[in-house]
Asks: 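Shown below is the structure under consideration.
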Amino acid sequence: METQKLTDYERKRLENIRRNDEMVAALKLQAMATQLSASTKRQSNRAATKSYKTSPQKKPKIETPIVMRRSLRTRGMPPEAKGLDDDLVESVAKIHKPLTPAKPGASRVWGPLNMEEAYTGSGSDRELIETLVGIGKNSGVDTSVGVEFGSVKVCKDEISGNLVKREGNDGGSCLKLSSLTLNPENIARVMPGRIMAVRFLPCNNSRMIVAGNKLGNIVFWNLDSKGEGEDGIYLYHPHPGPISGISVHQHCLSKIFTSCYEGVIRLMDAEKEVFDLVYSCEDTIFSLSQQPNNANCLYFCEGYGGLSIFDRRTGNCPTKWSLHDARINTIDFNPGNPNIMATSSTDGTACIWDLRSINADKPKALKTVSHKRAIHSAYFSPYGRSLATTSYDDNVGITSGVNFEETSMIHHYNQTGRWISTFRAIWGWDESYVFIGNMKRGVDIISPVQRRSVFTLHSPHMSAIPCRFDAHPYNVGMLAGATSGGQVYVWTLLQGS
DNA sequence: ATGATCTTTAGCATG
DNA sequence: CATGCTCCAAGATCAT
């Protein structure tokens, strides 16, 4: 039954892949073209917000295969005369030719991919690798597994101890919103295309950003790098398609997991200098997450509504649940209890689960939050008391109470359209505020207690809509926002406040 | 019910 | 500054 279904999916997909062989090969070219174009990267300095330089000759070569590919795959048929006419087909054929004899289908490397091979920059990435290895060493618990939940909690409290009030008093954060500033030197166009995920390395003495885009690139931006050559920006191309998730475990900083729509999860290991292949499947992987107390298990959405748990120690997926009727957009764990998991889905529901008591046949959620439209995120607050959901129905939902029994809906315009990545409200450094982009090139700061937007970050330096965010876990006030044009903005707390 | 097609939309490159 | 291209989101509408 289930397996039959799977084989159907697989067959269909394999067939598509076969038909798309040329396109896949062309994607290899994309990687190469990106490499080539990356040589121009150095021309744009960090503060330049206007253009990500790509050489004009290569541009069509990069773009064309994507168009073809999508068209074939989405419709399951050869390109029609309408938009994809002979010019394009020809150009693909031309590009395709020299590549085929060498390595057919080489764009999908089913094994470890050296960082060197994946690196698209022209300068050296040595500084980055050394930095990452150094950070990993400092974290000290690189190999440890199953860190007790208690330490997580302590850690969270420590984070907020300095600048943000510690407990109770949910409405009274010490974070001065008016002190959040966007300094031009903290703006960079770090990669081409649309950024789908952005993350700070969870390290208290570094300011390192990792981001992934729709083209399968992963970029590192070291804001502390005074490096002359590369501006602290290092671009890789480890995946053939959109990056759906980035996960860096707080106790395992030199190892970075990335997932991709093409059904692949890789682990970038700075010490081994590879993007290791961790997992691959024939279904789309829409989201990726890890429990805060376990660096060895990966939780990810596989296909439509499926949640898989992969254990690196055994190398297989002991668990596959069908939790939703449509794609799961986010997976998050309660910082106060890592057995409590929240999923958000395009099926219009966000669910809170207890991992210890999920019935594989009939999974029953502890709590279901319903929206009228697709839900794009569901994140627990830093102390795990509330859940923030963001939906296409133009609401940010705040669900709280001892059993998450109360939900209040706060209106927020979330019609991002097709070209902007969907909005996802994230929590700041305590339970006081939630941050979410708006369509007017600003960042709305919502107070769950006041049930309204209480502040909006604006800046003349923001030339695009920030749609994906991350808050630096150790650095209060440091907020990264990423755009659909490859830019990253990093707000910081004004000195002396 | 299920599937195919259409529409919306912002950012960036180009000339 | 106008125009064209992007083209794996999601809901609405139309078709089977």
Side-chain angles (χ1 to χ4, degrees), chain A residues 12-13 16-17 20 23-24 27 30 37 40 44 48-77 79-80 82-85 87-88 91 189 191-196 212-216 239-244 259-264 282-287 301 303-304 325-330 344-348 371-377 390-394 413-424 437-442 462-468 482-489:
Chain A
K12 204 158 129 194
R13 218 182 134 99
N16 279 343
I17 288 169
N20 288 357
M23 308 312 138
V24 172
L27 273 176
Q30 176 197 331
S37 74
T40 63
S44 67
T49 62
K50 289 304 175 210
S51 63
Y52 184 95
K53 304 267 185 185
T54 42
S55 94
Q57 284 84 10
K58 270 124 209 163
K59 181 79 177 176
K61 295 186 182 178
I62 300 173
E63 305 294 329
T64 303
I66 295 168
V67 177
M68 300 286 297
R69 199 162 169 285
R70 172 220 164 231
S71 183
L72 283 168
R73 193 158 159 179
T74 309
R75 311 179 184 196
M77 53 162 65
E80 37 181 325
K82 189 174 142 205
L84 312 164
D85 39 21
D87 300 10
L88 300 184
S91 76
R189 196 175 299 274
M191 50 169 52
R194 179 161 127 197
I195 295 179
M196 314 213 24
N213 67 5
K214 216 196 54 183
L215 305 171
H239 288 286
I243 306 295
S244 52
S259 66
C260 161
Y261 274 26
E262 311 291 319
V264 174
E282 295 299 331
D283 284 314
T284 308
I285 294 176
F286 287 109
S287 44
C301 167
Y304 292 92
D325 296 330
R327 56 190 277 181
I328 296 170
N329 294 304
T330 60
S344 66
S345 170
T346 295
D347 70 8
H371 280 264
K372 295 185 190 72
R373 301 271 188 273
I375 305 183
H376 294 127
S377 66
T390 308
S391 167
Y392 235 63
D393 74 354
D394 289 339
Y413 185 78
N414 293 330
Q415 304 303 305
T416 44
R418 185 180 186 178
W419 313 119
I420 307 297
S421 291
T422 51
F423 290 151
R424 295 174 173 177
N438 69 33
M439 293 300 278
K440 294 173 187 164
R441 297 179 181 174
M462 251 196 281
S463 61
I465 295 169
C467 42
R468 292 292 160 89
T483 75
S484 287
Q487 293 184 92
V488 171
Y489 307 121

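Here is how names work: the chains are called A, B, and so on, in the same order as the sequence lines, proteins then strands, and each is numbered from 1. Just so we're clear, the structure is a prediction, and the values are computed from it rather than from any experiment.
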Asks: Quickly work out the D325(A) CG to dG11(C) C1' distance and round it to whole Å.
Replies: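 My rounded result for the distance is 17 Å.
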
Asks: In this structure, how many angstroms lie between the C1' atom of dA10(C) and the OH atom of Y304(A), rounded?
Replies: 11 Å

Asks: For T330(A), give me all partners under side-chain contact (heavy atoms from CB on, under 4.5 Å), at least two apart in sequence or on another chain.
Replies: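 Once residues adjacent in sequence are excluded, the partners of T330(A) under the side-chain contact (heavy atoms from CB on, under 4.5 Å) criterion are S344(A), S377(A), A378(A), Y379(A), R424(A).
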
Asks: Which nucleotide wins on minimum distance to the side chain of T422(A), given the candidates dA9(C), dA10(B), dC12(B)?
Replies: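 My answer, after comparing the listed nucleotides, is dA9(C).
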
Asks: Which listed nucleotide (dA10(B), dA12(C), dC12(B)) is nearest to the side chain of M439(A)?
Replies: dA10(B)

Asks: Check whether any side-chain nitrogen or oxygen of R441(A) sits under 4.0 Å from OP1 or OP2 of dG11(B), and answer yes or no.
Replies: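 It does, given that an N or O in the side chain of R441(A) lies less than 4.0 Å from OP1 or OP2 of dG11(B).
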
Asks: Please measure how far the P atom in dT13(C) lies from the corresponding atom in dT9(B), and state the result in whole Å.
Replies: 15 Å

Asks: Answer yes or no: is there a side-chain heavy-atom contact under 4.5 Å between S244(A) and S287(A)?
Replies: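 A side-chain contact is absent here, since even the closest heavy-atom pair is not under 4.5 Å.
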
Asks: What is the distance, rounded to the nearest whole Å, between atom CG of N329(A) and atom P of dA9(C)?
Replies: 9 Å

Asks: Expressed in angstrom and rounded to an integer, what is the separation of Y413(A) atom OH from dT8(B) atom C1'?
Replies: 9 Å

Asks: Output the rounded distance in Å from CD (Q415(A)) to C1' (dA12(C)).
Replies: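 So the CD-C1' distance, Q415(A) to dA12(C), works out to 13 Å.
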
Asks: Between atom CG in N414(A) and atom P in dT9(B), what is the gap in whole Å?
Replies: 15 Å

Asks: Does dA9(C) have its OP1 or OP2 closer than 4.0 Å to a side-chain nitrogen or oxygen of R327(A)?
Replies: yes

Asks: Given dA10(C), is OP1 or OP2 found less than 4.0 Å from the side-chain N or O atoms of T346(A)?
Replies: yes

Asks: From dA10(C), dC12(B), dT9(B), pick the nucleotide closest to the side chain of T483(A)?
Replies: dC12(B)

Asks: Look at R418(A) and dC6(B) and indicate whether a side-chain polar atom (N or O) is within less than 4.0 Å of OP1 or OP2.
Replies: no

Asks: In terms of the nearest nucleotide of DNA chain C, which residue is placed more toward the 5' end: M196(A) or W419(A)?
Replies: W419(A)

Asks: Tell me, please, which residues at least two apart from F423(A) pass ring-ring contact (aromatic ring centres under 6.0 Å, His included).
Replies: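 Result, ring-ring contact (aromatic ring centres under 6.0 Å, His included) vs F423(A): none returned.
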
Asks: Under 5.5 Å centre to centre and under 30° between planes: does that hold for Y261(A) and the six-membered base ring of dC8(C)?
Replies: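 Answer is no, no stack.
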
Asks: Have a look at S421(A) and say if it touches a base, only the backbone sugar-phosphate, or nothing, with a 4.0 Å heavy-atom cut-off.
Replies: nothing

Asks: Under 4.0 Å between a side-chain N/O of K214(A) and OP1 or OP2 of dT6(C), yes or no?
Replies: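 For dT6(C), OP1/OP2 do not have a side-chain N/O of K214(A) under 4.0 Å.
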
Asks: Could you tell me how far apart M191(A) (CE) and dG11(B) (C1') are, to the nearest whole angstrom?
Replies: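 Checked: the CE to C1' distance equals 16 Å.
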
Asks: Do any side-chain nitrogens or oxygens of H376(A) fall under 4.0 Å of OP1 or OP2 in dA10(C)?
Replies: yes

Asks: Do T483(A) and Y489(A) have side chains that approach each other closer than 4.5 Å (heavy atoms only, starting at C-beta)?
Replies: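 With C-beta onward as the side chain, the pair touches.
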
Asks: Name the closest nucleotide to the A464(A) side chain, picking from dC7(C), dA12(C), dG11(B).
Replies: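 The answer is dG11(B).
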
Asks: side-chain contact (heavy atoms from CB on, under 4.5 Å), that's the test. Do K440(A) and Y413(A) meet it? Break it down for me.
Replies: CA-CA 10 Å; K440(A) 294 173 187 164; Y413(A) 185 78; over 6 Å; no

Asks: Could you tell me which non-hydrogen atom of D347(A) sits nearest to which non-hydrogen atom of A326(A), and how far apart they are?
Replies: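 It is N-CB, 3.6 Å.
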
Asks: Can you measure N438(A) atom CG to dT9(B) atom C1' for me and round it to whole angstrom units?
Replies: 15 Å

Asks: Using only heavy-atom distances, decide whether a donor-acceptor pair under 3.5 angstrom links the side-chain of Q487(A) to the base of dC12(B).
Replies: no

Asks: Under 4.0 Å between a side-chain N or O of R194(A) and OP1 or OP2 of dC12(B)?
Replies: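 Answer is no, no contact under 4.0 Å.
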
